[in-house]
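In what follows, chains carry the letters A, B, and so on, assigned in the order in which the sequence lines appear, proteins first and then strands, with residues in each chain numbered from 1.
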Amino acid sequence: MAIAKKAVVWGLFAGGGTLTAFIYPALIALFLLIATGNVPAGLQYEQIHTFAASWVGKAVLFIVLFLSLWHAAHRLRVVAHDFGIRKDKLIANAVYLVATLGTLMTAFYLISIS
Amino acid sequence: MSRQPYVRPISKTTWYMRNGRYKIYMLREMTSFLVVFYTFLTIVALSTLAADSPAAWQNFISSQQGPGMVVFHALALLYFLFFQTFPWFKLAPKAMPVQIGEKKLPGSYIVIGHYVAWVFISAVIFWLAGAL
Amino acid sequence: MKHIQADVVIVGAGGAGLRASIAIAEANPDLEVALISKVYPMRSHTCAAEGGAAGVKRSDDSLEMHFNDTVSGGDWLCDQDVVEYFVEQAPRELVQLEHWGCPWSRDEDGSVAVRPFGGMKKERTWYAADKSGFHILHTLFQTSLQHPSIKRYDEFFALDLIQEDGKCRGVVALEMRSGRYFHFSGKAVILATGGAGKIFPFTTNGAIKTGDGMAMAYRAGVPLKDMEFVQYHPTGLPGTGILLTEGCRGEGGVLVNKDGYRFLQDYDMGPETPLGKPVFKSMELGPRDRLSQAFWHEQKKGNTVETAWGDCVLLDMRHLGAQRILERLPLVHELAKSYVGVDMITDPVPVRPVVHYMMGGIDTNINGETPMPGLFAIGETACGSLNGANRLGSNSLTELLVFGKRAAATAAQYAADTDGPANQADLDEQAEAIVSRIRELLQCNGDETISGIRREMMNSLEEGAGIYRDEEGTEAACKKIAELQVRSASIEVNDKSNVFNTDLQGLLELQNMLDVAECVAEASNARKESRGAHQRMDYVERDDENYLKHSQSFRQPGERPRIGWLDVTITRSQPGVRDYSGGKK
Amino acid sequence: MEIRQIELEVMRYDPEKDKQPWFQQYTVPCQEDWAILDALNYVKDNLDTTLAYRWSCHMMVCGSCGMMVNGEPSLTCKTFVRDLPGKVRVEPLENFPIERDLVVVLDDVMQKLHKVQPYIIRKDDPPPEGVEYTQSRGALAKFKQLTMCINCMCCYSACPQYGLDNNFIGPAALALAHRYNLDSRDQGKSQRLDILADHDGVWDCSFVGACSEVCPKHVDPAAAIQQMKIDGALEFWKQKLGFPGGES
Ligand SMILES: Cc1cc2nc3c(=O)[nH]c(=O)nc-3n(C[C@H](O)[C@H](O)[C@H](O)COP(=O)(O)OP(=O)(O)OC[C@H]3O[C@@H](n4cnc5c(N)ncnc54)[C@H](O)[C@@H]3O)c2cc1C
Ligand code: SF4
Ligand code: F3S
Ligand code: FES
């Protein structure tokens, strides 16, 4: 017997969970600010573009989005299971595919920002 | 054979209705929908930056405004705090206990440490975003 | 009936049975061991032992001292060759447990810690907080899992022994979950079924301690030895009888009466020792028999505290402080809080003596051999005469290990040297007869009840064979038990189910208890002296001339048992005075 | 002592008579300091000798008296009448097949306890006979809490993942494995992780946490399992990257 590959996705899940717990409240709060019409200065096009174009910015954004995607993907797989959907293989393929797509999109957009 | 063990049926789809503990757990797990939502929302925002178009960014920002969105984000924030952030902090010492010498560091210290870090990180994000 | 063939059949999977099974599996993995237990192994009552296990550890201690403490503690009724072997093997066995993973408490330097115990001259009790027996049992159980030659039969109730030409050949057992009967054939049978405290109304013993093994051996013609010696533990919680370990006193807890006076000094165990500084073998660290007897006198003098559960004295631990109590005695702290609502950190706990341990049991020698070839016995169910007239606290757990291993070796050798039965058909017939007896029980009707007869048995023993005894009382108890034996034939088993029939099990256990109770009462009646745990008000002195002997109770179907006497083996310690004044006298 | 009447609603099932379980009512005059187990014993001795249930020690240490009390997996010798309403429902532990009345079938969990190799595994020789290992108090404190498990199986009864899929090794057995993994005398961690971190092992736990909430001995199997997930993930990479499977 050997350690299942789940070890890998679980690692991403745990890392992503910690990250979202720390960061997503602030992220949601920013969207809330935007929704109220008080767009903060840092979220003006110039500033945010500069940030996303920097290597640090790219790295931060990539890690956050990547881990969050995989965190959510793994949890959704469990949620499906908990709701009684017992096609685990299919569900796993679906959620991880979406996470992969999201990851690729993130990478593609980040690379294109210059 | 006289034995005939009785297996109590358990519903694969509604088992979590049985007690409050399970319901809270399910609510916790479903925060993943929010994570998906906000992650992709952010990716959409990135796409406008990638397109190198201030107008597209502005469009995106405008599309996110309005009372409906305020209510939605406010509720999402509360839900997320109470079912993802706080539980995650609460459970953190279980996954990574800290032992110094003979004594386990009380879990509450680790939890408090998480809250402090969280406030700090949030402050940094707001500061970066120019909201502070 | 299902037939199971094994080389060695072990009945009982407590500390003793598990230790023996591992010993056999280690020595010879080709020998098939059938390990039968009426409960899952980790439910065995060894789990309840709190205080610890004795074995010489410190350099200021010696085998000689452990020997002397044990022999004088046992009021010279110990077989001294047995004690010699025991003290010598004890440390090795305790280290063996350590190698198997037992979470013994540790000293600063990382070596195993030892604590003082009643009747001991030095700290030599190895402990794992106050759950020593629990950890020993689980360590043994978990260790046993790696041996495929040990086949477990959990929740099988052993009924009776099978014999051929006076040799033990196996045992019949009932599978509780199915109601099926199993015939276990073995070249050697080891009984490790534990004690029989449940014959008394107020005991630290669990529900399973009904003396089944003793009764099985007794019915098969094997004598029970020294049955008059029943140990009362001085500190049981009133109501439930839950034990507060001797470790409480070892750590420095003191016993006071209703006036807050440390009454033990009035009973030859003084002078008073400073609070929180216990002195070996004096005051609270006197032996159990003396402490329990002191309670009895205090009660007679009206010095006890009245509680909702009857008369008590108080165990005061407050001066130990919260930290020490919570670190060393977490379980008893919780038990006292839950069951009598007292927090021992802030208040003294009401306690009273409670039946705890049977010094007597199936007659065995140093090898665990009974007089019946092929039948062995170990643990509390056996009487290998280590404990004499009064067991020293913490010697029993070690006894399970030392003699569990030794008896296993003897039994394995015996099994290897012995041929199969000459006449299998005859054995099968015996097995059928045992099963028919049980089937008949199920057909009985009458208006007696299990709980009714049990209550009468307990009360008559408490009255007639309690802490203090006299002729009148023991006679009455003997008669009462004989009467109950007869009346128990008209108990109706209401439950007719084959599946997990605890009603039937209750009746079988009651019958076993009656057999054991009979021996306790008769042997108490026969021993006309006072020694250790056996105190006669009509014969207050120890009488070495006539009674430096083991009693043996032989069953005589339909009659009262015959009591025989057996010499005590003395090697180097002649009977002397038991001095518990801490050497002050 | 005060006597309080309790309506005890007990699940009954006799496979030789009943198609499915049903409830029987008993009125039990309880003393104020009684545990539910005492009430059951009262029923057994005075009202109905056919009631089947397991118990032995009556001191929270043998682990045999686990049952559902008002829907919560509990040790009945540790659950006191004084803390309960006047009507108490007692059922056999959930997530296990019912053998008879309050007695459940434990074969599955017994096998699981076996499967996780709960004994000291050594690569090096142990110290010679009669010589103990040294183990600092700190090293003992690392796994001490995990040795407290009495195998009452309340945690299995509380764990929905075990209820939904019995292949999951489950809380107590995993906690037991972790106990040995953390023991400074043991060297079998990587060998054990091969079993524990395989399918049906730690990954099937979704950290519901109910196991720890009901555990009468505060073993906290949920924590042990999460720690093992971290160990498993590290071990996975260690093996993938070809580090020798040493001890950490
Ligand atoms: C509360 C308490 C505290 C104690 N503290 C200490 C202490 O600190 N130090 C110390 O040295 N000693 C202590 N003792 C004494 C010691 O624990 C016991 O004497 C010892 O554990 C007995 O072990 P055993 O293996 O002989 O029997 P048990 O552990 O009682 O095991 C008996 C086994 O036999 C089986 N069995 C019985 N009848 C049948 C049957 N009919 N069919 C099949 N199987 C059967 C049972 O299932 C069980 O597995 C204490 C005792 C008690 C009660
Ligand atoms: S972990 Fe707790 S609940 Fe589970 S079996 Fe052990 S003691 Fe019982
Ligand atoms: S309840 Fe079950 S899912 Fe995990 S945390 Fe406990 S084992
Ligand atoms: S009866 Fe032993 S734990 Fe409850």
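- Heavy atoms closer than 4.5 Å to chain A are found in both the backbone and the side chain of B:L77.
- There is no contact between A:H74 and chain B, counting heavy-atom distances below 4.5 Å.
- In this structure, the separation between CD1 on A:I23 and CD1 on A:I28 is 12.0 Å, given to the nearest 0.5 Å.
- In this structure, A:Y109 and B:L49 have side chains that are not in contact, with every pair of non-hydrogen atoms separated by 4.5 Å or more.
- With a 4.5 angstrom heavy-atom cutoff, B:F72 does not touch chain A via any of its atoms.
- Using cut-offs of 30° and 60° for the angle between ring planes, the B:F86 and B:Y115 rings count as tilted.
- Heavy-atom pairs under 4.5 Å with chain B peak, among A:H71, A:Q47, A:Q44, A:H81, at A:H71.
- The candidate with the highest count of non-hydrogen atom pairs below 4.5 Å against chain B, out of A:A26, A:A35, A:P40, is A:A35.
- Using a 4.5 Å cut-off between heavy atoms, A:L27 touches chain B through its side chain atoms alone.
- With a 4.5 angstrom heavy-atom cutoff, A:L33 touches chain B only via side-chain atoms.
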Discussion item. Working note: A:Y45 + B:I61, criterion side-chain contact (heavy atoms from CB on, under 4.5 Å); need CA distance, chi angles, decisive distance, verdict.
Written reply: CA-CA 10 Å; A:Y45 181 78; B:I61 293 287; over 6 Å; no

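- The backbone N or O of A:A14 sits less than 3.5 Å from a side-chain atom of A:T18, completing a donor-acceptor pair.
- Below 4.5 Å, heavy atoms of chain A meet no heavy atom from residues 94-113 of chain B.
- Expressed to the nearest 0.5 Å, how far CE of A:M105 lies from CG of A:L65 amounts to 10.5 Å.
- For A:V64, no part sits under 4.5 Å from any heavy atom of chain B, backbone or side chain.
- Neither the backbone nor the side chain of B:F83 comes within less than 4.5 Å of any heavy atom of chain A.
- The most heavy-atom pairs under 4.5 Å with chain B, out of A:L110, A:I113, A:L30, A:D82, come from A:D82.
- Side-chain atoms of B:T14 do not come within 3.5 Å of backbone N or O of B:M17 as any donor-acceptor pair.
- Of the atoms belonging to B:W88, it is side-chain heavy atoms, and not backbone ones, that fall under 4.5 Å from chain A.
- Side chains of B:T13 and A:F83 form no contact here, defined as non-hydrogen atoms less than 4.5 Å apart.
- Chosen from A:A53, A:G16, A:S68, the residue pairing most often with chain B at heavy-atom distances under 4.5 Å is A:S68.
- When each of B:G66, B:S62, B:A76, B:G68 is checked for heavy-atom pairs under 4.5 Å with chain A, B:G66 comes out on top.
- No donor-acceptor pair under 3.5 Å is formed between the side chain of B:Q84 and the backbone N or O of B:R28.
- Below 30°, between 30° and 60°, or above 60°: for B:Y25 and B:W15 the angle between ring planes is between 30° and 60°, a tilted geometry.
- Most heavy-atom pairs under 4.5 Å with chain B: of the set A:P25, A:G102, A:S114, this distinction falls to A:P25.
- With a 4.5 Å cut-off on non-hydrogen atoms, A:I111 does not touch chain B at all.
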Item to complete: Could you please spell out the steps behind the side-chain contact (heavy atoms from CB on, under 4.5 Å) verdict for A:R75 and B:T31?
Response: CA-CA 9 Å; A:R75 218 173 214 179; B:T31 56; 3.4 Å; yes

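- Here CG of A:L104 is found 7.0 Å from OG1 of A:T100. Values are rounded to the nearest 0.5 Å.
- In this structure, A:F22 and B:H114 have parallel ring planes: the angle between them is below the 30° cut-off, well short of the 60° mark.
- Using a 4.5 Å cut-off between heavy atoms, B:W127 does not touch chain A at all.
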Practice prompt. Please lay out, stage by stage, how B:R18 and B:K23 fare under the test side-chain contact (heavy atoms from CB on, under 4.5 Å).
Written response: CA-CA 8 Å; B:R18 219 168 29 182; B:K23 286 181 205 157; over 6 Å; no

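- The CG atom of A:L43 lies 8.5 Å from the CZ atom of A:F31; values are rounded to the nearest 0.5 Å.
- For the pair B:T85 (side chain) and A:A21 (backbone), a donor-acceptor distance under 3.5 Å is present.
- B:Y22 does not touch chain A: none of its heavy atoms, backbone or side chain, sits under 4.5 Å away.
- Neither the backbone nor the side chain of A:F66 comes within less than 4.5 Å of any heavy atom in chain B.
- Neither the backbone nor the side chain of B:S11 has a heavy atom closer than 4.5 Å to any heavy atom of chain A.
- In terms of non-hydrogen atom pairs under 4.5 Å with chain B, the most contact-rich of A:L76, A:N38, A:T106, A:I85 is A:L76.
- Between B:Y38 and A:Y24, the two ring planes are perpendicular [angle over 60°; tilted spans 30° to 60°].
- Annotation: maximal heavy-atom pairing with chain A below 4.5 Å, among B:E29, B:M69, B:M26, B:K12, occurs at B:E29.
- For the options B:D52, B:V36, B:V71, B:L34, heavy-atom pairs under 4.5 Å to chain A are most numerous at B:D52.
- Of the atoms belonging to B:I43, heavy atoms from both backbone and side chain fall under 4.5 Å from chain A.
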Item to complete: Kindly determine whether A:W70 and A:T103 satisfy side-chain contact (heavy atoms from CB on, under 4.5 Å), including the steps that lead there.
Response: CA-CA 9 Å; A:W70 285 87; A:T103 310; 3.3 Å; yes

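- Both the backbone and the side chain of B:A117 come within less than 4.5 Å of a heavy atom in chain A.
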